[in-house]
Amino acid sequence: MSDCIFCDIINKESPADVVYEDNKFIVFKDIKPSAPVHLLLVPKEHIPSINYLTEEHKEMMGELILLAKKIAKEQGIEEGYKLAFNTGRKGGQLVDHIHLHLMGGWE
Ligand code: 5GP
Ligand code: ZN
């Protein structure tokens, strides 16, 4: 176990309801969903937040947005969804491992 819950999920040391995984990303259901579909898209590299991104992350972050589009379609919510990066405590970030919220499924 590490001191990062998302690293523990990535390393299979903590359980999660995983809907997608490849060598760079893991996608799992938010444990406390605030939408009918609420997934967390998580780069496997431990980057604490948007504020820690550098030029070397440009390609990976583009891939993350394209993955969000793909997962939204797979989840049947491509008609409308929200993507959010909470950043810093004052921005509502509670887990210090960068993640993209994908929320949708409202009627
Ligand atoms: P943040 O507020 O940092 O942007 O979002 C963290 C999100 O992670 C929250 O929506 C919270 O419900 C979710 N979360 C926190 N701990 C866990 C966990 O152990 N498992 C899962 N699946 N989600 C978690
Ligand atoms: Zn981490």
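Basis for what follows: all heavy atoms, side chains included, without hydrogens, waters or symmetry-related copies. Counting starts at 1 for both ligands and their atoms, in listed order. Position 1 is the first residue of the sequence; numbering continues from there.
Between the side chain of E21 and the backbone N or O of I26 there is no donor-acceptor pair closer than 3.5 Å. Side chain of D30 to backbone of L40: no donor-acceptor contact under 3.5 angstrom is found. Formation of a donor-acceptor pair under 3.5 Å by the D22 side chain with backbone atoms of K24 is found in this model.
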Check ligand 1 against the protein and report each N/O to N/O distance under 3.5 Å, formatted as atom name, atom name, distance.
residue	atom	partner	partner atom	Å
ligand 1	2 (O)	G92	O	2.8
ligand 1	2 (O)	L94	N	3.3
ligand 1	3 (O)	L94	N	2.7
ligand 1	3 (O)	V95	N	2.9
ligand 1	3 (O)	H99	NE2	3.1
ligand 1	4 (O)	N86	ND2	2.9
ligand 1	4 (O)	H99	NE2	2.8
ligand 1	4 (O)	H101	NE2	2.8
ligand 1	5 (O)	H99	NE2	3.1
ligand 1	5 (O)	H101	NE2	3.2
ligand 1	10 (O)	D30	OD1	3.2
ligand 1	10 (O)	D30	OD2	2.4
ligand 1	12 (O)	D30	OD1	2.5
ligand 1	22 (N)	K29	O	2.9
ligand 1	22 (N)	I31	N	3.4
ligand 1	23 (N)	I31	N	3.3

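Applying the side-chain contact (heavy atoms from CB on, under 4.5 Å) test to K29 and every residue at least two apart in sequence or in another chain returns D17, V19, L39.
If you check the side chains of H99 and Q93, you find no donor sitting under 3.5 Å from an acceptor.
No side-chain heavy atom of I47 sits under 4.5 Å from any side-chain heavy atom of H97. Counting only heavy atoms from C-beta outward, the side chains of M103 and S34 approach each other to under 4.5 Å. N51 is listed as a side-chain neighbour of T87, based on a closest heavy-atom distance under 4.5 Å.
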Check residues 75-86 and write down every donor-acceptor pair under 3.5 Å in which the side-chain atom is one partner and the other belongs to a residue at least two apart or another chain.
none

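Near-neighbour remark for the Zn ion (ligand 2): protein N, O or S atoms under 2.8 Å are C4 SG, C7 SG, H46 ND1, H97 ND1; waters not counted.
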